[in-house]
Amino acid sequence: MPTIHQLRGLEILDSRGRPTVQATCTLASGARATVSVPSGASTGAAEALELRDRDPARYRGLGCRRAVGHINGPIHDALAGRAFADQAALDQALIALDGTPNKARLGANAVLAVSLAFARAVAAERNVPLYQHFADILAGTPNAALRSLPRPTINLFSGGKHAGGQVPIQDVLVVAASAQSMDEALAMTAAVFMAAADLIRDRYAMRTLTADEGGLAPPFAGAQAMLDDAVAAIRAAGYLPGHEVALAIDVAASHFYHDGRYHLDGDALTPAQMIERIRGWLDTYPIVSVEDGLAEDDWAHWPALRAAIGGRALVLGDDLLCTNPARIRRAIHEHAADALLLKVNQIGTLSEAAEACRLARAAGWRVTVSARSGETEDDWLADLAVGWAGDQIKVGSVTQSERLAKYNRLLAIEAETGLPLVAWPAPE
Ligand code: PGA
Ligand code: ZN
């Protein structure tokens, strides 16, 4: 049984230059692993609490010394010398030690770093690849079968909170629908990205500055211009929109929903009008996935959104669900969504995220495994997406090393396993 010898935390910087948490777990066997956790900007209200120092004199209050101190102090003190039968046992111990419903005492950043560092150390001790260990954790049995590689959905254009807020829609993503391999999907996406960079240089006379996740962020006139330019870039790269390359969008609607209205492109839309707007986009553009089309607390209208677009595009819940089993159960019961955006740090332990994944699967939902806007060079997310057979992976653009670390790891896993890419979306 894996026995924890030592837990150590370290404050490091994420891709936005903000502090985040790294943890190193050493087992009694000598196996040792380090993990860095990411951090979001477009955070759902129901997310587990990321503990920050709130000292305005340091990183504008965003320091993580308290979270790191919790790893080196109370978490190490409580867990060192103890053996854990499996990941669930370790995570239960962390949850009990924290004692709050949202990990507010120790910090979800500290708790998740330890949860993941333990998983990676145990994989090393077992001498199995991390993706296999993740598959085994989800299945609850060793040597669980691996199914497929996730199809990447890759940021082309950014707006919302990731790009200074000049257009409300947070992401327009490229889906290499006809790609037969990860390698081909990345090459196709890179071609569309380069075509889009040329196009916005011509159209907006601006250099190709990128947003937090590496998406291009010119001053689009509105959502429609953003989508028109995406289709133009697909064509300019030589692909047939919809057949070879499709689009996914993260509307991140919580951020422009106030007083019961969606404030989009100068309009104040009722929820019914917002649903009609999205349906109109689906009629015009090759969109195969719509994330957070409505706000996280607009539960009353999500079933109507799903009824309007389900089957044509994924009705994907991010802020709505927050990788939270209780919220996912409610969404299944109310037919509010049909796909889960899975971000491990929204819930704070690997076991709880696995439960979220199992619930979504049991309901027949698709699962998109997602990075955060504040990422690190760590690549464990690629292993998680393969081990948990994510249908999609959403990591950001093909331009920044904290994103490419994951894509490069997927290429290595593809070469090692020969797994096929998920068949999604269905060919038209
Ligand atoms: P976040 O955004 O990491 O800033 O929360 C990602 C998303 O909304 O999908
Ligand atoms: Zn989102």
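Order of appearance sets the numbers: ligands from 1, and atoms from 1 within every ligand.
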Looking at [X], which atoms of ligand 1 are within less than 4.0 Å of one of its heavy atoms?
| X | result |
| --- | --- |
| D250 | 7 (C), 8 (O), 9 (O) |
| K394 | 7 (C), 9 (O) |
| A41 | 1 (P), 4 (O), 5 (O) |

remark   = To the nearest 0.5 Å, atom OH of Y59 lies from atom CZ of R65 at 8.5 Å
message = Whether the S178 and E244 side chains hold a donor-acceptor pair (N or O, under 3.5 Å, no angle test) is what I'd like checked.
response =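 No.
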ask   = When you check the side-chain N and O atoms of S373 and R16, is any donor under 3.5 Å from an acceptor?
value = yes
message = Heavy atom to atom 8 (O) of ligand 1, shortest distance: which of E375, Q170, R16 holds it?
response = Q170
request  = Please work out whether the ring planes of H263 and H258 are parallel, tilted or perpendicular, with thresholds of 30° and 60°.
outcome  =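 H263 and H258: tilted rings.
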message = I'd like to verify the contacts: list protein N, O or S atoms under a distance of 2.8 Å from the Zn ion (ligand 2).
response =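 Under 2.8 Å from the Zn ion (ligand 2) - ignoring waters, which are not counted - the protein N, O or S atoms are D250 OD2, E291 OE2, D318 OD2.
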So for ligand 1, is [X] a polar contact partner (N or O within less than 3.5 Å, distance only)?
| X | answer |
| --- | --- |
| S373 | yes |
| R372 | yes |
| D318 | yes |
| G40 | no |

query = Would you call D379 and R120 a salt bridge, taking side-chain N to carboxylate O under 4.0 Å as the test?
reply = yes
ask   = Is E47 salt-bridged to R372, cutoff N-O under 4.0 Å?
value = yes
message = Can you tell me if R235 has over 12 outside heavy atoms packed within less than 6.0 Å of its CZ?
response = no
key: Shortest protein contact, atom 6 (C) of ligand 1 (heavy atom only)   = K343 NZ, 3.4 Å
request  = State which residues pass side chain to side chain donor-acceptor pair (under 3.5 Å) with R409; sequence neighbours excluded, sorted by chain then number.
outcome  =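 For R409 the side chain to side chain donor-acceptor pair (under 3.5 Å) partners, ignoring immediate neighbours, are D383.
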request  = Please report the C-alpha distance between S15 and E377 in whole Å, then the side-chain angles of each, then the deciding distance to 0.1 Å, and finally whether the side-chain hydrogen bond (donor to acceptor under 3.5 Å, both in side chains) criterion is met.
outcome  = CA-CA 8 Å; S15 53; E377 62 277 24; over 6 Å; no
note = side chain to side chain contact (heavy atoms under 4.5 Å, CB included) with N109: of I71, L49, L51, only one passes, and it is L51
